[in-house]
Visitor: 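Have a look at the structure that comes next, please.
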There are 2 protein chains.
Amino acid sequence: MPAETTDLAQALRDAGLRVTHQRLSLLSLLMDASDHPNADELLARARAEDDSVSLATVYRTLAILEEAGLIRKLTLENEPARFESMPLAEHDHLVDIDSGEVVEIASEEINRIRKDLVEGLGYEIVSHTTLIRARKLR
Amino acid sequence: MPAETTDLAQALRDAGLRVTHQRLSLLSLLMDASDHPNADELLARARAEDDSVSLATVYRTLAILEEAGLIRKLTLENEPARFESMPLAEHDHLVDIDSGEVVEIASEEINRIRKDLVEGLGYEIVSHTTLIRARKLR
DNA sequence: CTTGTAAATGCAAATCACTCGCATTTGTCA
DNA sequence: TGACAAATGCGAGTGATTTGCATTTACAAG
Ligand SMILES: [Mn+2]
Ligand SMILES: [Mn+2]
Ligand SMILES: [Zn+2]
Ligand SMILES: [Zn+2]
């Protein structure tokens with residue numbers, strides 16, 4: 001039995017979730033993905049292994065994995081949501097408006113300033129998303 | 001003729017847009033709004049003046065005003081988009097996850113750091129949205 | 001102030017991403 | 001090796017937003 005499979009299965013158990021092929025498949029796909037796929041794309045990839053997976057389960061599973069803190073959902077403008085495995089470091093996303101590509105951006109300084117600002121207003125951050133639409137300079 | 005009406009009409013003309021009652025109405029509503037209304041709410045407010053306005057026109061008009069840079073659209077998670085008149089100063093939004101209220105947050109420092117970071121990656125920012133989901137501390 | 005004409009609007013039907021109901025299958029724990 | 005609740009596949013529903021088309025309107029000309 002591969003180590004990775006065991007790890008992911010354990011991550012699901014630790015989250016109090018049952019270990020199903022669909023959950024392992026989607027979690028694994030997102031761990032390995034270098035891009036930020038949406039539900040349709042994940043369905044296609046999951047079906048390469050098991051062609052009986054349904055779109056409804058993809059959506060249900062993604063919601064559950066997000067709830068469990070194992071993955072993150074990116075709500076974009078005018079296009080279906082994309083997903084990524086939970087990153088180790090907090091980071092923002094830049095969408096290249098010409099290619100659609102998503103680039104990750106991290107700044108510990110921005111995170112700190114934002115946190116202080118929000119707390120100064122009497123709030124605690126539950127989650128945050130920064131989406132930058134940008135164009136490549138030439 | 002009120003000065004405001006003239007101003008808004010001129011803003012539309014300057015953007016190369018025809019001046020219609022619906023556009024003036026929505027633009028005016030957003031200039032005066034202290035909250036961040038969605039399309040449904042704007043339709044209700046617009047109908048208080050002219051009960052023949054349609055939801056389709058509200059959506060078409062909001063898209064046009066946004067394209068013209070006169071208003072801004074906020075894409076939230078799991079709820080219809082909200083709108084605001086184009087703010088003078090760039091700012092982020094905090095959504096109180098308990099009340100649904102939207103709070104504005106401005107930090108010139110964050111804007112500067114982010115701009116430098118993005119330019120360092122060879123991009124220019126076209127627009128950006130930061131959405132913070134937060135809970136009031138007690 | 002009329003008129004021609006393209007653009008804007010209202011209405012209803014269509015889209016699209018996502019969700020749900022339900023019969024069937026599967027994971028977990030005796 | 002069952003019992004049984006939870007998960008899944010499938011198809012039908014939802015809700016926000018968009019679109020086709022007939023009608024109205026803004027506005028440039030005359
Ligand atoms: Mn797609
Ligand atoms: Mn509403
Ligand atoms: Zn990311
Ligand atoms: Zn704002």
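Chain naming here is simple, since letters A, B, ... match the order of the sequence lines and numbering starts at 1 in each.
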Visitor: Measure from CD1 on B/Ile64 to C1' on D/dA26 and round the result to the nearest Å.
Guide: 14 Å
Visitor: If you apply the rule side-chain contact (heavy atoms from CB on, under 4.5 Å), what do you find for A/Ile105 with A/Ile132, and how did you get there?
Guide: CA-CA 10 Å; A/Ile105 292 182; A/Ile132 300 170; 4.2 Å; yes
Visitor: Within the side chain of B/Glu41, is there an N or O that forms a donor-acceptor pair under 3.5 Å with the backbone of B/Asn38?
Guide: yes
Visitor: Between the opening five pairs and the closing five pairs of the helix from C/dC1-D/dG30 to C/dA30-D/dT1, how far apart are the helix axes, to 10°?
Guide: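 It works out to 40° between the end axes.
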Visitor: Using whole Å, report how far CD of A/Glu67 lies from P of C/dT19.
Guide: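 After rounding, the reported distance stands at 13 Å.
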Visitor: Heavy atoms only, 4.0 Å cut-off, all strands: where does B/Leu55 land among base, sugar-phosphate and nothing?
Guide: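 Since a base atom lies under 4.0 Å of B/Leu55, the category is base.
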Visitor: Which whole-number value in Å describes the distance from B/Leu17 CG to C/dA8 C1'?
Guide: 11 Å
Visitor: Mark yes or no for a side-chain to base donor-acceptor pair under 3.5 Å between A/Arg60 and D/dG9, with no hydrogen or angle criteria applied.
Guide: yes
Visitor: Under 4.0 Å between any heavy atoms, over every strand shown, what does A/Ala81 touch: base, sugar-phosphate, or nothing? Just pick one.
Guide: sugar-phosphate
Visitor: OP1, OP2 of C/dG10 versus side-chain N and O of B/Gln22: anything below 4.0 Å?
Guide: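 For C/dG10, OP1 or OP2 has a side-chain N or O of B/Gln22 closer than 4.0 Å.
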Visitor: Ignoring backbone atoms, test whether A/Thr20 places a side-chain nitrogen or oxygen under 4.0 Å from the OP1 or OP2 oxygen of D/dT8.
Guide: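 Indeed, a polar side-chain atom of A/Thr20 lies that close.
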Visitor: Just by distance, do the side chain of B/Arg72 and the backbone of B/Pro87 share a donor-acceptor pair under 3.5 Å?
Guide: no
Visitor: Quick check: on DNA chain D, is the nucleotide nearest B/Ala56 upstream (toward 5') of the one nearest B/His21, or the reverse? Name the residue that is more 5'.
Guide: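 Its nearest nucleotide lies further toward 5', so the answer is B/Ala56.
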Visitor: Once you round it to whole Å, what is the distance between P of C/dT15 and CG of A/Asp40?
Guide: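 Taking CG of A/Asp40 and P of C/dT15, I get 17 Å after rounding.
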Visitor: Heavy atoms only: give me the nearest A/Ile113-B/Ser107 pair and the separation to one decimal.
Guide: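 Here A/Ile113 and B/Ser107 meet closest at CG2-OG, 3.9 Å.
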Visitor: Report yes if at least one side-chain N or O of A/Thr61 is closer than 4.0 Å to OP1 or OP2 of D/dA7; otherwise report no.
Guide: no
Visitor: Using the side-chain heavy atoms of B/Arg18, tell me which of these nucleotides is nearest: C/dT28, C/dG10, C/dA8.
Guide: C/dA8
Visitor: From CD of A/Glu79 over to C1' of C/dC16, roughly how many Å is that when rounded to an integer?
Guide: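 In whole Å, C/dC16 C1' lies 13 Å from A/Glu79 CD.
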Visitor: I need the CG-P distance between B/Leu26 and C/dA8, as an integer number of Å.
Guide: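 Whole-Å distance recorded here is 14 Å.
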Visitor: Rounded off to whole Å, could you give me the CD-to-P distance for the A/Glu77 and D/dT18 pair?
Guide: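 Distance check: A/Glu77 CD to D/dT18 P gives 12 Å.
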Visitor: Could you please name the option among C/dC11, D/dG9, D/dA16 that lies closest to any side-chain atom of B/Ser54?
Guide: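 The answer is C/dC11.
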Visitor: Do you see a donor-acceptor pair shorter than 3.5 Å between the side chains of B/Ser127 and A/Arg133?
Guide: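 Looking only at side-chain atoms, A/Arg133 and B/Ser127 do form a donor-acceptor pair, the distance falling under 3.5 Å.
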Visitor: Measure from the side-chain N and O atoms of B/Thr57 to the backbone N and O of B/Val53, and report whether any donor-acceptor pair falls under 3.5 Å.
Guide: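 Not confirmed, B/Thr57 side chain does not pair with B/Val53 backbone.
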Visitor: Tell me whether the OP1 or OP2 atom of D/dT18 has a side-chain N or O from B/Tyr59 closer than 4.0 Å.
Guide: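 Looking at the OP1 and OP2 atoms of D/dT18, neither is under 4.0 Å from any side-chain N or O of B/Tyr59.
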Visitor: Can you tell me how far C1' of C/dT26 sits from CZ of A/Arg23, to the nearest Å?
Guide: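 Spelled out: CZ on A/Arg23 to C1' on C/dT26 is 11 Å.
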Visitor: So which heavy atom on B/Ala134 is nearest to which on A/Val118, and how close?
Guide: CB-CG1, 4.5 Å
Visitor: Any base atoms under 4.0 Å from B/Ala63, or only sugar-phosphate, or nothing? Heavy atoms, all strands.
Guide: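 If one applies the 4.0 Å heavy-atom cut-off, B/Ala63 turns out to touch nothing in the nucleic acid.
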Visitor: If you apply the rule salt bridge (charged side-chain N to carboxylate O under 4.0 Å, His left out), what do you find for B/Asp92 with B/Arg114, and how did you get there?
Guide: CA-CA 12 Å; B/Asp92 297 338; B/Arg114 181 156 44 214; 3.7 Å; yes
Visitor: Which nucleotide wins on minimum distance to the side chain of A/Pro80, given the candidates C/dC18, C/dG10, C/dT9?
Guide: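 Out of C/dC18, C/dG10, C/dT9, the nucleotide with an atom closest to A/Pro80's side chain is C/dC18.
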